[in-house]
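Below: the structure, in structure tokens.
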Amino acid sequence: MKILVVGGGGREHAIIRKLKQSPQCGEIWCAPGNGGIACDAKCKNIKATDLDGMVAFAKEEGFDYAVVAQDDPLALGMVDRLAEIGIPSFGPNAAAARIEASKVFSKDLMKKYHIPTADYAVFNDPAKAMQYIEQRGKYPVVVKADGLALGKGVLICQTEQEAREGLKEIMLDKKFGASGNQVVVEEFLTGPEVSVLSFADGKTVKPMVSSMDHKRALDGDQGLNTGGMGTVAPNPYYTPEMAERCMKEIFLPTMQAMQAEGCPFKGCLYFGLMLTPDGPKVIEYNCRFGDPETQVVLPLLESDLLQVMQATTNGTLDKTEVKFSAGAAACVILASGGYPVAYEKGKPIEGLTDGQLPGCKDVTVYHSGTAQADQGLVTAGGRVLGVTATADTLPEALKKAYAATEQIHFEGMHKRTDIGARALNALK
Ligand code: AMP
Ligand code: GLY
């Protein structure tokens, strides 16, 4: 099969490396891809959000299957457009992608179908939102832009003043554009966070191994929110009992709710959960694989990813095995100095051979923001590389991943040194 993967980060790299293990996988392309992905797939420089360009390219190349991995092309209807030219894809159509693309849609869905989540109210007028927050008088309070905002549209406001400033940024200054036309004001929840990615075919849902993200830029969960500085899988807080409860209270009801609303979900449905004292609650849904969750989840997948993906497209997931190894995985992100705010690009990356560390056993380097330049591989984004190791246990996986990061250098390189520390504590 000739396959197209739409996107160009570490997640797409992890998907491509797993797809290549399938006996059915033939030529594989990535658009736009990046410098490191180019070692594993042919890359074509088309922006993931350029639907017309992507569809024309897909038609020209005659792909048998496409994997749309990134949220914005999904929300814009890339899967619908590819279907129009007869190319089946992995991922939800635009109607189902609303589960991530509109927080108002997802919150109203959860309320209507009694899926546990934080209490909330929706506003399209900042003054009314502020009045509600003042009357409520409970801090922290969470303010979320309705639409996509590169993971930066969620503000945890500690004071009335912070809430006022946050509302101004989102709704008046339009920091995230039209994504801020509406906001969700939400109750602040506490408890360990768990990411559960799942395969879904519209009716059946099969969860993958659980994982834990580390969203803040600095050790000890300090600093700004990022796209994710590292992950571990499985997540020790997510016990088999909790998994059973989430299936019954959250995963199946969500699938049924989407069906009932006329937009059955196919693809990867990501459940961002918080295990609160009152039980598991949904913090957010994503309509795609998480990044960098994918970099620890897919290396543990033993089943044929291409077969499973096709089963989600064809509606045959109930007959398809989704099996994970009993081991553990850890991913440490190497970021550009200054990320997630301002950072320089174009720094030469030392230590890699064809984008990998061939000397490090059970280690894979997933490329997020790299480019090929005259002098070789250089940095080209905030998150640059994800160094993943697998092992029988989490402590071993973390040790191997951190040892491997020592082999890699670029100017200004930043990593957290405590990825997995909380998970290790939970295991004690
Ligand atoms: P999101 O972009 O929706 O994943 O939100 C980013 C982060 O904000 C989440 O991973 C949580 O840590 C935090 N967060 C979001 N909503 C809430 C909430 N209602 N209560 C507490 N923390 C939250
Ligand atoms: N790592 C969080 C996300 O992919 O949304």
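Every number for a ligand or one of its atoms is a count from 1 in the order of the listing. Because the structure is predicted, anything quoted here is derived from the model rather than measured.
Geometric assessment of Lys415 against the ring of Tyr402 yields a negative cation-pi assignment under the 6.0 Å and 45° thresholds.
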Which pairs of N or O atoms, one from ligand 1 and one from the protein, are separated by less than 3.5 Å, and what is the distance for each pair?
unit_1: ligand 1; atom_1: 3 (O); unit_2: Glu284; atom_2: OE1; d: 3.3
unit_1: ligand 1; atom_1: 4 (O); unit_2: Lys215; atom_2: NZ; d: 3.4
unit_1: ligand 1; atom_1: 4 (O); unit_2: Glu284; atom_2: OE1; d: 3.2
unit_1: ligand 1; atom_1: 4 (O); unit_2: Glu284; atom_2: OE2; d: 2.7
unit_1: ligand 1; atom_1: 10 (O); unit_2: Glu193; atom_2: OE1; d: 2.7
unit_1: ligand 1; atom_1: 10 (O); unit_2: Lys215; atom_2: NZ; d: 3.0
unit_1: ligand 1; atom_1: 12 (O); unit_2: Glu193; atom_2: OE1; d: 3.4
unit_1: ligand 1; atom_1: 12 (O); unit_2: Glu193; atom_2: OE2; d: 2.4
unit_1: ligand 1; atom_1: 16 (N); unit_2: Lys144; atom_2: NZ; d: 3.1
unit_1: ligand 1; atom_1: 19 (N); unit_2: Glu186; atom_2: OE2; d: 2.7
unit_1: ligand 1; atom_1: 19 (N); unit_2: Glu187; atom_2: O; d: 2.9
unit_1: ligand 1; atom_1: 20 (N); unit_2: Leu189; atom_2: N; d: 2.8

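In the model, Asp213 has no side-chain atom that pairs as donor or acceptor with a side-chain atom of Thr231 under 3.5 Å.
In terms of the side chain to side chain donor-acceptor pair (under 3.5 Å) criterion, Ser106 has no residue partners (sequence neighbours excluded). The side chain to side chain donor-acceptor pair (under 3.5 Å) test applied to Glu187 returns no partner, not counting sequence neighbours.
Ring geometry for Phe199 versus Phe289: interplanar angle over 60°, hence perpendicular rather than tilted (30 to 60°).
In this structure, Asp418 contributes its side chain and Ala421 its backbone to no donor-acceptor pair below 3.5 Å.
Considering all non-hydrogen atoms of both residues, Thr294 and Arg11 come closest at OG1-CG, 3.9 Å.
For ligand 2, the 4.0 Å heavy-atom shell takes in Asp213, Gly227, Tyr270, Asn286, Arg288, Gly290, Asp291, Pro292, Glu293, ordered by chain and residue number.
The CD atom of Glu100 sits 5.5 Å away from atom CG of Leu148, with the distance rounded to the nearest 0.5 Å.
Side-chain rings of Phe63 and Phe57 approach one another, their centers coming within less than 6.0 Å.
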